[in-house]
Amino acid sequence: MSAKVIVVTGAGGPAGQAVVRRLAAEGDTVLAVDVHHHPDIEGVERHAVDLLQPHAVGDLARDVAARYGRADGVVHLVGGWRGAKSFAETSLADWELLHGLLIRTLQHVSLAFDPLLRKSGDGRFVIVSAEVARSPTQGSAAYAAAKAAAEAWTLAMADGYAGTRAAATILVVNALVHDAMRAENPGATFPGHTDVNDLAEIVAGLWEAPAVEINGRRLDLSK
């Protein structure tokens with residue numbers, strides 16, 4: 001398809017920056033959204049939005065609708081991690097934090113942008129999940145539960161796209177690695193990690209696949 005309009009949420013982190021740069025290199029119109037300051041990238045729109053506030057997300061969606069009439073993609077990369085040494089030491093305060101970051105932001109963004117994705121000829125909605133959502137460890141109870149809920153929400157969205165040219169897809173990793181991590185740990189091999197640039201390549205390629213092949217799919221990048 002021609003130049004796409006793509007919203008990347010959580011754009012300030014290493015994965016978000018990699019995805020934004022890769023999509024911008026395609027000549028797409030990229031809206032980089034984050035609650036925190038993030039670097040300027042030539043040709044990329046930068047938006048500071050608190051995704052925990054539904055009215056703020058709604059305002060962003062209305063702005064995209066007014067200016068472009070559609071969204072060809074939403075790449076939702078808002079993340080966070082909290083863990084414990086044992087199940088008994090799990091903190092419900094950690095759950096509250098992760099519920100907001102991993103679930104509530106997803107709900108606000110997906111509901112606000114679903115109509116705009118449906119107006120696109122090839123709408124794509126993408127989240128990144130973790131294998132621990134299917135195989136929780138005792139110390140990852142809060143994180144794994146939040147990721148599992150995010151997956152269920154996204155799969156429900158995908159069910160609504162059945163029979164259309166839109167798709168909601170889950171990319172599964174064990175963990176992500178980026179250049180700053182390598183610089184801080186010279187000699188480390190990071191086994192089982194997915195490089196953020198490889199993640200960005202997978203995201204960019206989702207528009208090349210027919211929706212029926214990727215809608216409602218968990219694409220495992222950890223192997």
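In what follows, residues are counted from 1 in the order of the sequence shown.
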* Determine, stepwise, if the pair Asp63 / His47 fulfils side-chain contact (heavy atoms from CB on, under 4.5 Å). => CA-CA 11 Å; Asp63 177 60; His47 295 261; 4.2 Å; yes
* Answer yes or no: is there a donor N or O on one side and an acceptor on the other, between the side chain of Arg22 and the main chain of Glu201, under 3.5 Å? => no
* **Ser140 side-chain N/O to Pro136 backbone N/O, donor-acceptor pair under 3.5 Å** => no
* Side-chain donor or acceptor of Arg82 paired with backbone N/O of Ala142 under 3.5 Å -> no
* **Leu199 reachable from Ile214 in the ILVMFWY side-chain graph, under 4.5 Å edges** => yes
* Asked: In terms of the angle between their ring planes, are Phe125 and His76 parallel, tilted or perpendicular, with boundaries placed at 30° and 60°?
  -> parallel
* Asked: Mind checking whether Trp153 and Ile127 have side chains closer than 4.5 Å, heavy atoms only?
  -> no
* Could you grab the distance from atom CG of Asn215 to atom OG1 of Thr169, nearest 0.5 Å is fine? => 6.5 Å
* To do: Let me see the working for Asp28 and Trp207 under side-chain contact (heavy atoms from CB on, under 4.5 Å), right down to the final yes or no.
  => CA-CA 12 Å; Asp28 295 327; Trp207 284 266; over 6 Å; no
* Do side-chain atoms of Ser110 reach the backbone of Gln107 as a donor and acceptor pair under 3.5 angstrom? -> yes
* Step by step, would you call Val8 with Leu23 a side-chain contact (heavy atoms from CB on, under 4.5 Å)? -> CA-CA 10 Å; Val8 180; Leu23 295 174; 4.0 Å; yes
* Any side-chain heavy atom of Met157 sitting closer than 4.5 Å to one from Leu117? -> yes
* Quick one: pull up CG in Leu116 and CZ in Arg118 and give me the separation to the nearest 0.5 Å. => 11.5 Å
* **Within-4.5 Å side-chain heavy-atom neighbours: Arg67 and Leu31** => yes
* Going hydrophobic residue to hydrophobic residue with side-chain gaps under 4.5 angstrom, can you get from Ile170 over to Val75? -> no
* List the steps and the verdict of salt bridge (charged side-chain N to carboxylate O under 4.0 Å, His left out) for Lys147 and Glu151. => CA-CA 6 Å; Lys147 281 294 189 182; Glu151 287 197 15; over 6 Å; no
* Contact summary for Glu45 and Thr29, nearest pair of heavy atoms -> OE2-CG2, 4.1 Å
* **Joint hydrophobic cluster, Val74 plus Leu171, side-chain heavy atoms closer than 4.5 Å** => no
* Asked: Taking all non-hydrogen atoms of both residues, which atom of Ala32 and which atom of Ala11 are closest, and how far apart?
  -> CB-CB, 3.6 Å
* Structure fact -> Shortest non-hydrogen pair, Ala168 vs Tyr161, comes out as N-CD1, 3.8 Å
* Contact summary for Ala149 and Ile103, nearest pair of heavy atoms -> CB-CD1, 3.6 Å
* To do: Identify the heavy atoms of Arg70 and Lys4 that sit nearest to each other, and give their distance.
  => NH2-CA, 4.4 Å
* **Point-to-point distance, once rounded to the nearest 0.5 Å, from CG of Asp159 to CG of Leu155** => 9.0 Å
* Structure fact -> Closest non-hydrogen atoms of Asp195 and Asn197, given as atom of the first, atom of the second and distance, are OD1-N, 2.7 Å
* At what distance, to the nearest 0.5 angstrom, does CG of Asp122 lie from CZ of Arg165? -> 4.0 Å
* Could you tell me whether a side-chain N or O of Asp72 sits under 3.5 Å from a main-chain N or O of Val5, the two making a donor and an acceptor? => yes
* **Non-hydrogen side-chain atoms of Leu102 and Tyr143 separated by less than 4.5 Å** => yes
* OG of Ser129 to CG of Leu219: how many Å apart, nearest 0.5 Å? -> 12.0 Å
* Asked: Rounded to the nearest 0.5 Å, how far does CG of Leu52 lie from OG1 of Thr105?
  -> 6.5 Å
* **Residue that, paired with Val57, satisfies side-chain contact (heavy atoms from CB on, under 4.5 Å) out of Asp50, Leu111, Val109** => Val109
* **Worked check of side-chain contact (heavy atoms from CB on, under 4.5 Å) between Val19 and Leu77** => CA-CA 9 Å; Val19 169; Leu77 299 174; 3.9 Å; yes
* To do: Could you check Asp220 against Ser222 for side-chain hydrogen bond (donor to acceptor under 3.5 Å, both in side chains), going step by step and ending with a plain yes or no?
  => CA-CA 6 Å; Asp220 191 348; Ser222 66; 2.4 Å; yes
